[in-house]
2 protein chains.
Amino acid sequence: MATTDPARPGFALPLLLLAGFRALVDDLHAELARQGHPDLRPVHGFVLQAVGPDGTTASELGQRLGVSKQAAGKTVDRLVALGYLERVDDPTDARRKLVRTTEKGVDGLRRSAVLLDALRQRWAATLGEERVAAMEDDLRAVTPPNFFRLDVPGWFGG
Amino acid sequence: MATTDPARPGFALPLLLLAGFRALVDDLHAELARQGHPDLRPVHGFVLQAVGPDGTTASELGQRLGVSKQAAGKTVDRLVALGYLERVDDPTDARRKLVRTTEKGVDGLRRSAVLLDALRQRWAATLGEERVAAMEDDLRAVTPPNFFRLDVPGWFGG
DNA sequence: TACGGTAGTCAACGTGGTTGTCGAAACCGT
DNA sequence: ACGGTTTCGACAACCACGTTGACTACCGTA
């Protein structure tokens, strides 16, 4: 997919979608790094978002993200080490260890929301709000809902 | 980014772009697996495409893909083991080892082109050709050209 | 000819994923 | 109340993909 050969129009579309995603996420994380979150990676955003305000367990997190509980557990370990998540014992079940977002994690999520809104506005300023909305509508129409919970193995590594 | 909370519109756009990319690439590789290429991964498509018809070296490949020459070399190793690439000595320079696409690699690329065209047509059947074209135009307008050659560290692993 | 730059490789390591195994705790039917 | 099954978290081994740093072999040139 290195070129967008006009003779092969199929190659262009996935590349452009990936380019769009990366453009947004790269800008987001560059600004996040400036605002005190240099260690936050794209993957971490998905995880923090999936933990949710009430906390969850590593197993449940794995199910939500479509990865094994072990993989989820290791990612939680890293985010705990970085100070974005914390583990607490579940008083009602000695097996479970609740994973909760720390204040730092909430700050990262809050800043991400603000920055992504701003990035969307930047696109709207270039393309027009109705074109961005149309793109979102069209993508919703051709993609399965909750796509990232599908466990398609081998996505990146594994 | 686990939810598309209407109160946070910024979260939706990157998620939808990624969902679109994944929808296309997942379908592509599912069909590629059925057509005799079960070991081909999304990453491999980029590499095969970047090698090009005339072959190249690991260092140059790394530059094109925005990764180190060592990383490029290791990925070439795996694709050689799978039979998609081959290394030949450069007769004009004993340091260089040319990386070339094998017949199997060309077959994978050819099938990918056909399948991606079909996938694009499927989108056009749902959305209308002009909407797909508009999406491509809009994405071209907001993404930097040759985005994947930018070396942004830490994208997935590293 | 001696030297600087380049190509490829090896080693060590980090991140994100997999499967398999295991003990402790909880749940449930008898 | 107890014994079997399930579930959770942890550990180990492994793979894919990326990074730096160091090293050898070779090329081109002053």
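Labels below follow one simple rule: chain letters A, B, ... track the order of the sequence lines, proteins then strands, and each chain is numbered from 1.
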How long is the gap from CZ on B/R111 to CD on B/E31, to the nearest 0.5 Å?
-> 9.5 Å
Name the nucleic acid region contacted by A/A94, choosing base, sugar-phosphate or nothing; use a 4.0 angstrom heavy-atom cut-off, strictly under.
-> sugar-phosphate
Looking across every strand, which nucleic acid part, if any, lies under 4.0 Å from A/A58 by heavy atom: base, sugar-phosphate, or nothing?
-> sugar-phosphate
Rounding to a whole Å, what distance do you find between B/L79:CG and D/dA16:P?
-> 11 Å
Among A/T75, A/D77, A/L79, whose side chain to side chain contact (heavy atoms under 4.5 Å, CB included) with A/L85 holds?
-> A/L79
Protein-nucleotide distance (B/D39, atom CG; D/dC15, atom P), rounded to Å = 15 Å
Could you check which of C/dG17, C/dG8, D/dG18 has an atom nearest any side-chain atom of B/S59?
-> C/dG8
Are A/D138 and A/R131 close enough for a salt bridge, meaning some N to O gap below 4.0 Å?
-> no
Phosphate contact (D/dT20 OP1 or OP2) by B/S68 side-chain N/O below 4.0 Å | no
Of A/A72 and B/K97, whose nearest nucleotide on DNA chain C comes first from the 5' end?
-> B/K97
CD on B/Q49 to OG1 on B/T101, rounded to 0.5 Å | 9.5 Å
Could you give the CG-to-P distance, from B/D90 to C/dG8, as a whole number of Å?
-> 9 Å
What is the distance, rounded to the nearest whole Å, between atom NZ of B/K74 and atom P of D/dC15?
-> 13 Å
Measure the distance from CG on A/D93 to P on C/dA24 and round it to the nearest whole Å.
-> 16 Å
Proximal nucleotide (of D/dT19, C/dG8, D/dC8) relative to the A/K69 side chain = D/dC8
With a 3.5 Å cut-off and just heavy-atom distances, do the side chain of A/Q70 and the base of C/dG16 make a donor-acceptor pair?
-> no
Carboxylate-amine/guanidinium contact A/E86 A/K97, below 4.0 Å | no
N/O (side chain, A/H44) to phosphate O (OP1/OP2, C/dT15) under 4.0 Å | no
Would you indicate, yes or no, if C/dG8 has its OP1 or OP2 atom less than 4.0 angstrom from a side-chain nitrogen or oxygen of B/T57?
-> yes
Rounded interatomic separation in angstrom, taking CZ from A/R78 and P from D/dG18 | 16 Å
What is the distance, rounded to the nearest whole Å, between atom CZ of B/R95 and atom C1' of C/dG5?
-> 8 Å
Could you give the CZ-to-P distance, from A/R41 to C/dG16, as a whole number of Å?
-> 8 Å
